[in-house]
There are 2 protein chains.
Amino acid sequence: MIRVVLAEDQAMVRGALASLLGLEPDIEVVGEAATGQEAVAVVLSARPDIALLDIEMPVMDGIAAAAEIFRAVPACRVMILTTFGRPGYLRRAMEAGASAFMVKDSPARDLAAAIRRVLAGERVIDPVLAAAALSAGPNPLSRRERDVLGAAADGSTIGDVALRLHLSEGTVRNYLSSAIQKTHARNRIEAVRRAQAQGWL
Amino acid sequence: MIRVVLAEDQAMVRGALASLLGLEPDIEVVGEAATGQEAVAVVLSARPDIALLDIEMPVMDGIAAAAEIFRAVPACRVMILTTFGRPGYLRRAMEAGASAFMVKDSPARDLAAAIRRVLAGERVIDPVLAAAALSAGPNPLSRRERDVLGAAADGSTIGDVALRLHLSEGTVRNYLSSAIQKTHARNRIEAVRRAQAQGWL
DNA sequence: CCTTCGCGATGACATTTGTCATCCTGGCCT
DNA sequence: AGGCCAGGATGACAAATGTCATCGCGAAGG
């Protein structure tokens, strides 16, 4: 039996995926989690063969959880299953030691197949996404540029961001300006959208 | 047997939900769709007892599909199952004739139960959301304010929006300004976020 | 050792944005 | 007929935003 731990924050989707995997005769869901933190804990106690993680989760996101599981339980293969096929996500997932990266709009039948392939030692990566990630290149934003852009994403004014990050307003403006240029955007909002679409941020 | 048509754009989630419902002895999934348009067509040909619709779908969203199904196939009860519990969504779904509104982070077991209750003639509405919708009140934005705010949501400049909507720049600024005030926001970006969070837009 | 680069800051500047008062139009309601 | 309101427009003005040049500092890296 292939023992799987499932992490996904939307309970109904989590339950549905569990029932989907339950249909497979050789797969068994031995644990569920709603946050990344919970996922790490469950994997530590259940010691599954596979950890199937969503990325968008509260408390700790799936990529951070992947890194932690990869470090603490090397015997457990980590698979990422996510809504948004963003090149930056794929890159970061691979760096975190994930063995697979797939998106939720591929067919349901592919999931079990991917699990078996991963267990056989293969790496499974959505081919469309792999191409996109390669052509997109790495994240051009510096650490600070990401921080500032991220802090401005919710509509905060420059003053707010400066306060929150303990920076001068002028400095915030400068980082924002360079982020705008690096993303080829025309203003802050476009820069945020572009960065999010690429999985930088 | 309760005959259900399932509309959801993410194939894997759709398949997983189908398998979840397949576990119920008295429920049968007789059709699936990935867009609202497809959902209407499938319901017209399959004549199910229940149409279970996601809201965020391409081509035609779930609310528009709900209205169309309610009009064309009154015997079919429409249920909305969505990621985002936004008060405005609930309100619009009810106006479109939906019999149920639930969010994907309630437990998986609730889904089949809700289907049975709807078929028994009940209306099923997430209680937390119902309270939020009542306290939030109706959408304060006028038709035009929504258009303009929606067109500005992707980071377009005022000039872009004016061009796209065939308005003068000054007019766009005025509508944007009043939308900002009605949403109690401090700038365009906050206004967009607030409006989206409420399900106006 | 010298260069480069990231971080942080300042000051100046042109644009964009948000706000307000005001005007015109055509429905709609009484 | 008169009043009211939404849509559309203009012009003026203050505030926020985006850009640029320039400076200092310290950590790599040749």
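Everything numeric here is computed off the predicted structure, so don't read it as measured data. Letters A, B, ... mirror the listed sequences (proteins, then strands); counts begin at 1.
- Checking the phosphate oxygens (OP1, OP2) of D:dT17, a side-chain nitrogen or oxygen of A:Thr157 falls inside 4.0 Å.
- Summarising the geometry, the separation between CG on B:Asn187 and C1' on D:dA16 is reported as 9 Å, rounded to the nearest angstrom.
- The base of C:dT10 sits with one of its N or O atoms less than 3.5 Å from a complementary donor or acceptor on the side chain of A:Asn174.
- Between B:Ile50 and B:Met79, the closest heavy-atom pair is CG2-SD, 3.6 Å.
- Remark: C1' of C:dG18 and CD of B:Glu145 are 15 Å apart, rounded to the nearest angstrom.
- Contact record, B:Asn139 with B:Leu201: ND2-N, 4.3 Å, taken as the closest heavy-atom pair.
- Checking A:Ser142 against B:Arg186, the closest nucleotide of DNA chain C that is more toward the 5' end is the one next to A:Ser142.
- A:Glu145 approaches A:Lys182 most closely through the heavy-atom pair OE1-NZ, 3.0 Å.
- Among the nucleotides C:dC7, C:dA9, C:dC13, the one closest to the side chain of A:Arg173 is C:dC13.
- Going from atom CG of B:Leu176 over to atom P of C:dT17 covers 9 Å, rounded to whole Å.
- A straight line from CD1 of A:Ile189 to C1' of D:dA16 spans 12 Å, rounded to a whole angstrom.
- Counting only distance, with no hydrogens or angles, the side chain of B:Thr157 and the backbone of B:Asp160 share no donor-acceptor pair below 3.5 Å.
- One can place CD of A:Glu169 at 20 Å from P of C:dC7, the figure rounded to the nearest angstrom.
- With C:dT17, D:dT17, D:dC20 as the candidates, the nucleotide lying closest to the side chain of A:Gln181 is D:dC20.
- The side chain of B:Arg143 contributes no N or O atom lying less than 4.0 Å from OP1 or OP2 of D:dG7.
- When the C1' atom of D:dT19 is taken as reference, atom NZ of A:Lys182 falls 16 Å away, rounded to whole Å.
- Here the nucleotide nearest the side chain of B:Tyr175, chosen from C:dA9, D:dG7, C:dG18, is D:dG7.
- At the heavy-atom level, B:Thr171 lies under 4.0 Å from base atoms of the strands shown.
- Of the candidates D:dT19, C:dA9, D:dT10, C:dA9 carries the atom nearest the A:Ser168 side chain, counting heavy atoms from C-beta on.
- As a whole-Å value, the separation of B:Ile158 CD1 from D:dT17 P is 13 Å.
- Atom pair A:Arg144:CZ and C:dG6:C1' shows a separation of 11 Å (rounding to whole Å applied).
- Between A:Arg188 and B:Leu167, the residue anchored closer to the 5' end of DNA chain D is B:Leu167, taking for each the nucleotide with the nearest heavy atom.
- Across A:Val29, A:Leu111, A:Val5, A:Leu17, a single residue satisfies side-chain contact (heavy atoms from CB on, under 4.5 Å) together with A:Leu52, and that is A:Leu111.
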